[in-house]
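Only one structure is covered here, and it is reproduced in the block below.
Note: hydrogens, waters and symmetry copies are ignored here, and every other heavy atom, side chains too, is used.
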Amino acid sequence: MNSNKKIMLSGVKPTGRPHIGNYFGAMRQFVELQETFGGYVFIPDLHALITLQDKEQLKQNIIDVVIDYLAIGLDPKKVTFFKQSDVSAHTELAWIFNCMTTMPYLMRAHAYKDAEAKNKEVNVGLFDYPILMAADILLYGPDVVPVGADQKQHVEIARDTAEKFNRIFGETFKLPKEYIVENVKVVPGTDGQKMSKSYKNTIPLFATDEEIKKAVMSIPTDSKGIEEAKDPTTDKVFALHALFAGTDELTALSERYTKGGIGYKESKEILIKNISAFIKPLREKRERIAMDVDNVLEILEEGGRRAKAVADAKMDEVREKIGVKLY
Ligand code: ADP
Ligand code: TRP
């Protein structure tokens with residue numbers, strides 16, 4: 001890795017099949033940025049443990065997500081690709097940050113507030129989620145953290161935590177910045193809400209043609225007839241066209257919406273065709289990679305070794321700064 005390259009770091013939890021919101025909002029940026037940035041893409045498996053406590057399922061999800069990343073073009077020669085639990089420095093640093101973080105500060109974090117509002121049982125891991133994430137980020141000194149809009153607050157917490165540590169113990173951590181692509185910051189799901197694994201409104205990134213069709217057909221529309229004018233800015237089908245249609249096609253579709261002359265059925269059929277054409281090569285590549293799981297695991301293990309070397313060096317500095325390094 002070229003040493004004067006800027007560094008990116010990000011990850012997506014292995015909690016289920018990634019969807020096109022994860023892809024456009026975050027994962028695609030990892031692949032784009034790997035060309036000009038060096039950096040790290042990792043699998044926050046210990047974050048997944050907060051909600052997923054099933055040994056076989058977690059194992060399978062981790063393997064699946066590694067294959068997913070390789071299938072979208074992540075190149076382990078260009079970025080260090082690893083899993084969080086292979087580098088124990090993440091949890092060690094999280095503890096140190098815990099000791100400098102107040103409860104009221106973490107009570108303002110969205111994930112905790114949402115869970116509280118919905119009367120969900122909140123484990124300490126969920127409450128502390130942003131601090132483990134701060135450790136994930138700060139160990140590696142990234143310049144940018146590509147994420148979807150819903151993760152902005154977490155990156156801000158990482159930045160605050162770095163500032164706080166630096167103030168108490170002296171300059172140690174680089175301040176990270178989120179990298180959010182404006183027009184895909186919130187990809188809508190089939191019900192118009194943010195697409196999310198938790199809302200069951202997703203189009204999986206490696207969906208079969210049948211799944212794509214079913215998902216698109218389930219998008220609710222109003223009762224306007226073919227010739228009636230329609231508003232492309234409020235239609236949930238059109239919102240997805242914006243991701244899959246070429247520029248000219250999108251302009252033409254937009255005109256047909258505003259003037260009238262396209263029905264929702266046709267619009268959905270066009271969308272199904274475009275999504276299928278986009279997903280097919282990805283799905284086929286994924287199937288090829290999945291045939292050699294041993295190779296996939298070797299890539300991850302090797303990435304873990306590289307990440308650990310960087311993180312351990314940083315931890316040594318941290319231990320020295322806080323006063324526990326005696327020899
Ligand atoms: P989910 O909400 O489906 O559980 P995650 O929390 O695992 O998704 O998010 C993984 C990454 O994908 C994060 O960077 C997140 O910001 C991004 N992301 C998730 N859903 C969307 C969406 N609908 N639009 C844009 N980005 C998204
Ligand atoms: N919280 C992120 C998400 O839900 C996942 C994550 C954990 C992450 N640690 C990170 C993302 C560090 C970027 C950097 O998607």
Side-chain angles (χ1 to χ4, degrees), residues 5-15 18 21-34 36-48 50 69 79-84 87 89-91 93-94 96-98 100-102 104-115 125-167 171-187 194-197 307 310-311 314 318:
K5 263 190 177 178
K6 291 219 173 206
I7 297 176
M8 69 136 163
L9 176 140
S10 197
V12 175
K13 279 180 309 228
T15 44
N22 297 139
Y23 178 73
F24 287 102
M27 297 167 79
R28 182 177 65 165
Q29 276 68 263
F30 308 169
V31 178
E32 279 171 11
L33 292 176
Q34 73 181 350
T36 44
F37 285 62
Y40 305 83
V41 173
F42 77 104
I43 299 171
D45 49 354
L46 297 176
H47 274 112
I50 293 169
Y69 274 116
V79 293
T80 300
F81 184 29
F82 70 103
K83 72 177 164 66
Q84 188 184 36
V87 185
H90 291 233
T91 43
L93 185 59
I96 295 169
F97 288 160
N98 276 340
M100 310 160 18
T101 308
T102 67
Y105 176 78
L106 280 187
M107 279 173 182
R108 292 198 293 269
H110 297 317
Y112 169 73
K113 279 201 335 205
D114 289 353
L126 175 69
F127 184 64
D128 205 28
Y129 187 112
I131 293 301
L132 180 57
M133 180 157 161
D136 297 338
I137 296 172
L138 298 178
L139 275 173
Y140 302 92
D143 300 280
V144 290
V145 181
V147 282
D150 61 337
Q151 296 296 314
K152 186 175 184 331
Q153 189 193 38
H154 287 153
V155 182
E156 283 163 4
I157 292 176
R159 201 158 56 229
D160 284 355
T161 305
E163 275 179 334
K164 191 160 189 187
F165 188 100
N166 290 350
R167 206 164 50 239
E171 197 59 31
T172 309
F173 294 111
K174 194 191 296 180
L175 305 187
K177 200 162 172 29
E178 67 278 3
Y179 174 91
I180 296 175
V181 178
E182 198 49 38
N183 61 343
V184 286
K185 63 182 189 183
V186 186
V187 173
K194 169 192 127 84
M195 186 175 288
S196 170
K197 279 165 264 178
V310 176
K314 194 70 191 178
V318 170

Taking every non-hydrogen atom, the tightest pair across [X] and [Y]:
X	Y	result
Ile131	Ala94	CG2-O, 3.4 Å
Ile180	Glu178	CD1-CG, 3.7 Å
Gly125	Ile50	O-CD1, 3.4 Å
Pro146	Met8	CG-SD, 4.1 Å

- Task: Please report the C-alpha distance between Asp143 and Lys177 in whole Å, then the side-chain angles of each, then the deciding distance to 0.1 Å, and finally whether the side chain to side chain contact (heavy atoms under 4.5 Å, CB included) criterion is met.
- Result: CA-CA 6 Å; Asp143 300 280; Lys177 200 162 172 29; over 6 Å; no
- Kindly indicate, with the supporting measurements, whether the criterion side chain to side chain contact (heavy atoms under 4.5 Å, CB included) is fulfilled by Gln29 and Tyr179. CA-CA 9 Å; Gln29 276 68 263; Tyr179 174 91; 3.6 Å; yes
From [X] [atom1] over to [Y] [atom2], what is the distance, rounded to the nearest 0.5 angstrom?
X	Y	atom1	atom2	result
Arg167	Met100	CZ	CE	8.5 Å
Glu156	His154	CD	NE2	10.5 Å
Lys5	Gln34	NZ	CD	9.0 Å
Leu126	Leu132	CG	CG	12.0 Å

Flag the pair [X] / [Y] as yes when at least one side-chain heavy-atom distance between them is below 4.5 Å, and no otherwise.
X	Y	answer
Thr15	Lys197	yes
Thr161	Phe173	no
Gln84	Pro44	yes
Val318	Phe165	yes
Tyr129	His47	yes
Leu139	Leu9	no
Val147	Ser10	yes
Leu175	Glu163	yes

- Item | Set of ring-ring contact (aromatic ring centres under 6.0 Å, His included) partners for Phe24, sequence neighbours left out | Phe244, Phe278
- Message: Test your reading of the model: is there a side-chain donor-acceptor pair from Lys13 to the backbone of Asp45, 3.5 Å cut-off?
- Response: no
Tabulate below the donor-acceptor pairs under 3.5 Å that side-chain atoms of residues 104-112 make, not counting sequence neighbours, or state none.
unit_1 : atom_1 : unit_2 : atom_2 : d
Tyr105 : OH     : Asp160 : OD2    : 2.6

- Step by step, work out the side chain to side chain contact (heavy atoms under 4.5 Å, CB included) result for Lys314 and Leu93. CA-CA 10 Å; Lys314 194 70 191 178; Leu93 185 59; over 6 Å; no
- Task: Check salt bridge (Lys or Arg N to Asp or Glu O under 4.0 Å) between Lys185 and all other residues, then give those that pass, not counting sequence neighbours.
- Result: Glu182
- Measure up the Phe82 and Tyr140 rings against each other and bin them: parallel (under 30°), tilted (30 to 60°), perpendicular (over 60°). tilted
- Task: Measure the acute angle between the ring planes of Tyr69 and Phe30, then classify it against the limits of 30° and 60° as parallel, tilted or perpendicular.
- Result: parallel
